[in-house]
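Below, each value reflects all heavy atoms present in this structure, side chains not excepted, and no hydrogens, waters or symmetry copies.
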Amino acid sequence: MSIAVNQIVLHQIIKNPTETDQIALESVLREALLPITPEVEQLMLELHQVYQSKAKGYGIFKAQSVFAQALNRLLEKETDFLSFSYQSTQLLAAELSKYPFAESGTFVLCQYNFLATDYLFIALLDSRVSMLVDDKLDIHRTQYLNINQFDIAARINLTDLRINANSDRYLTFIKGRVGRKISDFFMDFLGAEEGLNPKVQNQCLLQAVSDYCEQGELNSEQTQAVKKHVFDYCKGQINSGDEIELRELSEELPTLNERSFVEFAQQQDYDLAEQIPPVPATLKALAKFSGSGKGVTLSFDAELINHRIIWDEQNDTITIKGLPANLRDQLQRNLKNQN
């Protein structure tokens, strides 16, 4: 699928050496927006695709957010995109200078449309050095934008922001693997705080499913069948890149005690959103039991409990009937070596 780039600009933030411990950052501002060329569209398509694949958090603007105020002036057409980008770059440089991990980077701001939704994409990209072979087969050093790996980025759903002022998910940001400080600093720059928490929502969904089966007086096998059905639905949504639709999921489940699942969830205090971003690691608990400790790691399908997997709670033991073939082979080889 393609995206439609409406406005885009690049600026640079350069870290200059100083004789003190203070960080000096210089902003190099482009004088005009980038023309929309096939190369620009390809750049944004790749950035969009990489961003889609990242683990993200959800946020909302704080009331005193300077960035949000500037964005509102842009949306109300009280300022233009280039002026907005200048102010944003200065805000970012001022915030970034507070942190010891500050480095040079290319600041990207782009307003684009994807699937009838308007977005504002914001990212700080670093550069990589490589080698270039020219037409005469001479080798030169060159720099390129690292668009396949970045952790400092956010995206604002402008359509959602306009339509639903009470939304808790119009802003998304990358949860970087290098620690919370990276995403925290970018949230401070945006003047934002956490909104919807996908992990908590997924945990609440799992609890709601368990409680729904319990109040429906289902036995263990019936309960596990419902949980597997929920897991299969969620897995399908993950594979298609869609979110969990609470009402759609409810239609897949049996009605218990004359109440559908969505009616049950709404009457209880789960505070589930109508659309929930799936978190695969959390949803696995619907279909698997797993755990590790004291040198032992164990994981098995939940449907095997009381069949191939027997748990003796009183003696704190698990009996496995029918070992996996590769595990049995390892044990047999080890036994032969000992003999």
Q: Please check if any side-chain donor atom of Gln237 sits under 3.5 Å from a side-chain acceptor atom of Glu243, or the reverse.
A: no
Q) Which value, rounded to the nearest 0.5 Å, describes the distance between Thr319 atom OG1 and Lys321 atom NZ? A) 8.0 Å
Q: Give the cluster check for Leu190 versus Leu196: same hydrophobic cluster or not, with ILVMFWY residues linked at side-chain heavy-atom distances below 4.5 Å.
A: no
Q: Check side-chain contact (heavy atoms from CB on, under 4.5 Å) between Gln266 and all other residues, then give those that pass, not counting sequence neighbours.
A: Arg247, Val262
Q. Partners of His11 by side-chain hydrogen bond (donor to acceptor under 3.5 Å, both in side chains), sequence neighbours excluded?
A. Ser85
Q: Classify the ring geometry between Phe189 and Phe107 as parallel (under 30°), tilted (30 to 60°) or perpendicular (over 60°).
A: perpendicular
(Q) Can you confirm whether Val50 sits close enough to Ile147 that some side-chain heavy atom of one is under 4.5 Å from a side-chain heavy atom of the other? (A) no
Q.
Quick check on the hydrophobic clustering: are Val296 and Leu323 connected, directly or via other members, by side-chain heavy-atom contacts under 4.5 Å?
A. no
Q.
Would you say that Arg155 contacts Leu171 through its side chain, given a criterion of any heavy-atom pair below 4.5 Å between the two side chains?
A. no
Q | Validation row: Leu47, Leu125 side chains within 4.5 angstrom (heavy atoms) | A | yes
Q: Determine, step by step, whether Ile60 and Glu193 satisfy the side-chain contact (heavy atoms from CB on, under 4.5 Å) criterion, reporting the C-alpha distance in whole Å, the side-chain angles of both residues, the deciding distance to 0.1 Å, and the verdict.
A: CA-CA 6 Å; Ile60 56 175; Glu193 59 188 357; 3.9 Å; yes
Q: I would like to know whether Phe289 and Asp301 meet side-chain contact (heavy atoms from CB on, under 4.5 Å); could you show each step before the answer?
A: CA-CA 6 Å; Phe289 290 107; Asp301 292 343; over 6 Å; no
Q | Ile8/Val40 under side-chain contact (heavy atoms from CB on, under 4.5 Å): CA gap, chis, key distance, verdict | A | CA-CA 8 Å; Ile8 181 172; Val40 165; 3.7 Å; yes
**Q.** Gln42: side-chain hydrogen bond (donor to acceptor under 3.5 Å, both in side chains) partners, not counting sequence neighbours
**A.** Glu46
(Q) Tell me if a side-chain donor or acceptor on Arg308 pairs with a main-chain N or O of Gly322 at a distance below 3.5 Å. (A) yes
Q. Just by modelled atom types, is the Leu286 backbone N or O under 3.5 Å from a matching donor or acceptor in the Gln224 side chain?
A. yes
Q) Is it the case that more than 12 heavy atoms not belonging to Glu252 sit under 6.0 Å from its CD atom? A) yes
(Q) If we ignore hydrogens and angles and just use 3.5 Å, is the side chain of Lys228 paired with the main-chain N or O of Val226 as donor and acceptor? (A) no
Q.
Listing request: all side-chain hydrogen bond (donor to acceptor under 3.5 Å, both in side chains) pairs with a residue in residues 322-333, at least two apart in sequence or in separate chains.
A. none
**Q.** Flag side-chain contact, heavy atom, 4.5 Å: Leu161 against Leu75
**A.** yes
(Q) Within a 6.0 Å radius of atom CG on Leu327, are there more than 12 heavy atoms belonging to other residues, nucleotides or ligands? (A) yes
Q: Please assess Gln7 against Tyr112 for the test side chain to side chain donor-acceptor pair (under 3.5 Å), listing each intermediate value before the final yes or no.
A: CA-CA 7 Å; Gln7 302 182 92; Tyr112 71 95; over 6 Å; no
(Q) I need the Thr89 OG1 to Leu10 CG distance, nearest 0.5 Å. (A) 10.0 Å
(Q) Could you measure the distance from the CD1 atom of Ile320 to the CD1 atom of Ile310? Nearest 0.5 Å is fine. (A) 10.5 Å
(Q) Taking the side chain as everything from C-beta on, heavy atoms only, tell me whether Leu124 gets closer than 4.5 Å to Thr106. (A) no
Q. Yes or no on side-chain contact (heavy atoms from CB on, under 4.5 Å) for Glu274 and Glu245, after CA distance, side-chain angles and deciding distance?
A. CA-CA 6 Å; Glu274 292 185 5; Glu245 301 279 350; 5.8 Å; no
Q: For Asp316, look at atom CG and say whether over 12 heavy atoms of other residues, nucleotides or ligands are found less than 6.0 Å away.
A: no
**Q.** same_hphob_cluster(Ile14, Ile152) at 4.5 Å side-chain heavy-atom cutoff
**A.** no
When the side chains of residues 198-210 are checked against the rest of the protein, which donor-acceptor pairs come out under 3.5 Å, sequence neighbours left out?
unit_1, atom_1, unit_2, atom_2, d
Gln201, OE1, Ala273, N, 2.8
Gln201, NE2, Asp271, O, 3.0
Asn202, OD1, Val279, N, 2.9
Asn202, ND2, Pro198, O, 2.7
Asn202, ND2, Pro277, O, 2.8
Gln207, NE2, Asp211, OD1, 2.8
Gln207, NE2, Asp211, OD2, 3.4
Ser210, OG, Leu206, O, 3.3
Ser210, OG, Lys227, NZ, 3.3

Q: Would you please classify the geometry between the Tyr119 ring and the His48 ring as parallel, tilted or perpendicular, with 30° and 60° separating the classes?
A: tilted
Q) Do Asn113 and Ile3 have side chains that get closer than 4.5 Å, going by heavy atoms? A) no
Q: Could you tell me which residues satisfy ring-ring contact (aromatic ring centres under 6.0 Å, His included) with Phe84, sequence neighbours excluded, listed by chain and number?
A: Phe67
Q) So do Ile174 and Phe186 actually touch side chain to side chain, heavy atoms under 4.5 Å? A) no
Q) Residues two or more places apart in sequence or in another chain: which of them pass side-chain hydrogen bond (donor to acceptor under 3.5 Å, both in side chains) with Ser290? A) none
**Q.** Test side-chain hydrogen bond (donor to acceptor under 3.5 Å, both in side chains) applied to Tyr212 - qualifying residues, sequence neighbours left out
**A.** none
Q: State, with a plain yes or no, whether a side-chain heavy atom of Leu43 is found less than 4.5 Å away from one of Glu39.
A: no
Q) Does Thr317 offer a backbone N or O that forms a donor-acceptor pair with the side chain of Asn315 under 3.5 Å? A) no
Q: For the pair Arg141 (side chain) and Met131 (backbone), establish whether a donor and an acceptor sit closer than 3.5 Å, ignoring hydrogens and angles.
A: no
Q) Same cluster for Phe231 and Ile309 if Ile/Leu/Val/Met/Phe/Trp/Tyr side chains link at under 4.5 Å? A) no
Q: Without swapping roles, check the side chain of Tyr86 against the backbone of Arg30 for a donor-acceptor pair under 3.5 Å.
A: yes
(Q) Quick check against the 3.5 Å criterion: does Thr223 have a side-chain atom that pairs as donor or acceptor with the backbone of Asn219? (A) yes
(Q) Between Lys54 and Phe150 (side chain of the first, backbone of the second, donor and acceptor by atom type, cut-off under 3.5 Å), is there such a pair? (A) yes
Q. Does Tyr170 use its side chain to pair, donor to acceptor, with the backbone of Asn164 at less than 3.5 Å?
A. no
Q) Going by the side-chain hydrogen bond (donor to acceptor under 3.5 Å, both in side chains) test, which pairs reach into residues 57-75, not counting sequence neighbours? A) Arg73-Gln87
(Q) Holding to ring-ring contact (aromatic ring centres under 6.0 Å, His included), I want the full list of residues that pass it with Tyr51, two or more places apart in sequence or in another chain. (A) Phe121
Q: Hey, could you give me each pair passing ring-ring contact (aromatic ring centres under 6.0 Å, His included) that has a residue in residues 305-325? Not counting sequence neighbours.
A: none
Report, one line per pair, each donor and acceptor closer than 3.5 Å where one atom sits in a side chain of residues 253-260; sequence neighbours left out.
unit_1, atom_1, unit_2, atom_2, d
Asn257, ND2, Gln215, O, 2.6
Asn257, ND2, Gln215, OE1, 3.3
Arg259, NH1, Gln267, OE1, 2.5
Arg259, NH2, Gln215, OE1, 3.3
Ser260, OG, Glu263, N, 3.3
Ser260, OG, Glu263, OE1, 3.4

Q. Under 3.5 Å, is there a donor-acceptor pair between the side chain of Ser27 and the main chain of Leu29?
A. no
